[in-house]
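On a predicted model such as this, the values are computed, not experimentally measured, just so you know. A note on names: the letters A, B, ... follow the listed sequences, proteins ahead of strands, and every chain is numbered from 1.
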Number of protein chains: 2
Amino acid sequence: MGRRSDHTREQIHAMALESAEQIVDQQGYAGLTARKVVAGFGYTVGTLYLVFRNLEDLVLQVNGRTLDRLTEAATAAAAAAPPGKPRIEALARAYIDFARAWPQRWAMLHQFTLPANPPEWYQERAGRGFALVFEALQPLAPPDQVAHATFTLWGAIHGICMLELTHRIHLTRGESVESLVTSLIDNFLAGLAVRNRSEGK
Amino acid sequence: MGRRSDHTREQIHAMALESAEQIVDQQGYAGLTARKVVAGFGYTVGTLYLVFRNLEDLVLQVNGRTLDRLTEAATAAAAAAPPGKPRIEALARAYIDFARAWPQRWAMLHQFTLPANPPEWYQERAGRGFALVFEALQPLAPPDQVAHATFTLWGAIHGICMLELTHRIHLTRGESVESLVTSLIDNFLAGLAVRNRSEGK
DNA sequence: ACGTCCTATTGAACAAAGTTCAATTAGTGC
DNA sequence: GCACTAATTGAACTTTGTTCAATAGGACGT
């Protein structure tokens, strides 16, 4: 076949991303191949390289979308919760729910080896989640410690999710991710409050 | 060439693991190929399959060794520190130091997709680090909460390490991983103490 | 010394992967 | 209807994991 013009470049670009997401959902990152992606929307392999520099580029963009959706869910959750501790808990919950709803896309975020110099837009998108936690922590920590506490909480919640979702350690008994994260937040915020009180004296 | 008998199967097995580790250190998990591994100690590709079922098997065993070494370092660190909070801090430090010393091997631990049913020995080795934290937390949490607290701390420390080592978020200013982990431990343990005191009333 | 096994090791061969690009063919305009 | 153009193709190349018939070199008996 030759010229078809059934779709614009933008449409092909979008269809490729969606096809890729479907494959990742079903077969994981390891099951993603160039030929499968294009077969998913009725084109052949050469076409993929009209729209992406290479497979790495495609994966990077899929991950970018995943980050966007995660941020979107987290933003909505934060807006619906009252400020203070409930909002922190809502953010954590949103993160857990997202990872559970899209386990393969979430896993790909971490399995993919970023190129040496990740593009600007990717780092920007990855950082947006951080900003959400930062805002939510404002009323709970002294101004000069908010950034520090944000990194700590953010990393910690992520790490706990990882425990469950990689099945690297099997949580027995009542140790759900929810209860782990709840106790982390409880203890961390309680500790933050206590330590500031005693320092204030 | 034909029969050489320069090395026993055990020796070839060991040389392959070492060669693989060297490649991973230099070029990362993505740079690891069957032919490179055997070329590293002067054999050809077929030989690899005499000693490993496939590449996945090899990677699993390399990861097993990495886990062992991490556990070893952590055990030594825990033994050298007095019980209580200092021991927790020593464990965290050992984890951070290890990840910094062997960034590529550490990264491979997480980039590698475990097979559907990971072998028994792998899960056992992955769980040993957990036991160390569990013991160290004994004097700091009520018996029925130690396991819970262990999962929380373990996950949290891991998550914070991930922040730095994947360069997914750049830590600016004074936010070293050390200071983040220290504040996590401080706040978490302080919170644990406070909440238990008030519940005891 | 020599020939005969025997098996450890080889490396050619295959399938499947990413990537490229000359050829092709369906639109577009005259 | 014809020529032109560029969107799309898919064959071709490289590199990968994996297999296995062929081979070469050691061991052993005579």
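Contacts of B/T47 with the nucleic acid, taken as non-hydrogen atoms under 4.0 Å apart, include base atoms. Here B/R9 lies in heavy-atom contact (under 4.0 Å) with sugar-phosphate atoms only. Residue B/L32 is classed as a sugar-phosphate contact, given heavy-atom separations below 4.0 Å to backbone atoms only.
Side-chain to base pairing of A/R53 with C/dT19: no donor and acceptor N or O lie closer than 3.5 Å to each other.
Using a 4.0 Å cut-off between a side-chain N of Lys or Arg and a carboxylate O of Asp or Glu, B/E72 and B/R65 do not qualify as a salt bridge.
Remark: B/Y43 is not in phosphate contact with C/dT10, judged by side-chain N or O atoms under 4.0 Å from OP1 or OP2. Applying the 4.0 Å criterion to OP1 and OP2 of C/dT20, one finds that A/Y49 has every side-chain N and O outside that range.
Across D/dG10, C/dG18, D/dG17, the shortest atom-to-atom separation from the side chain of A/T44 is found for D/dG10. Taking only side-chain atoms of A/L50, from C-beta outward, the nucleotide of D/dT18, D/dT8, D/dG10 with the closest atom is D/dT8. Taking only side-chain atoms of A/V45, from C-beta outward, the nucleotide of D/dA11, D/dT19, C/dG18 with the closest atom is D/dA11. Listed nucleotides: D/dT8, D/dT16, C/dA17. Nearest to the side chain of B/T33: D/dT16.
No side-chain donor-acceptor contact under 3.5 Å links B/W154 and B/Y95.
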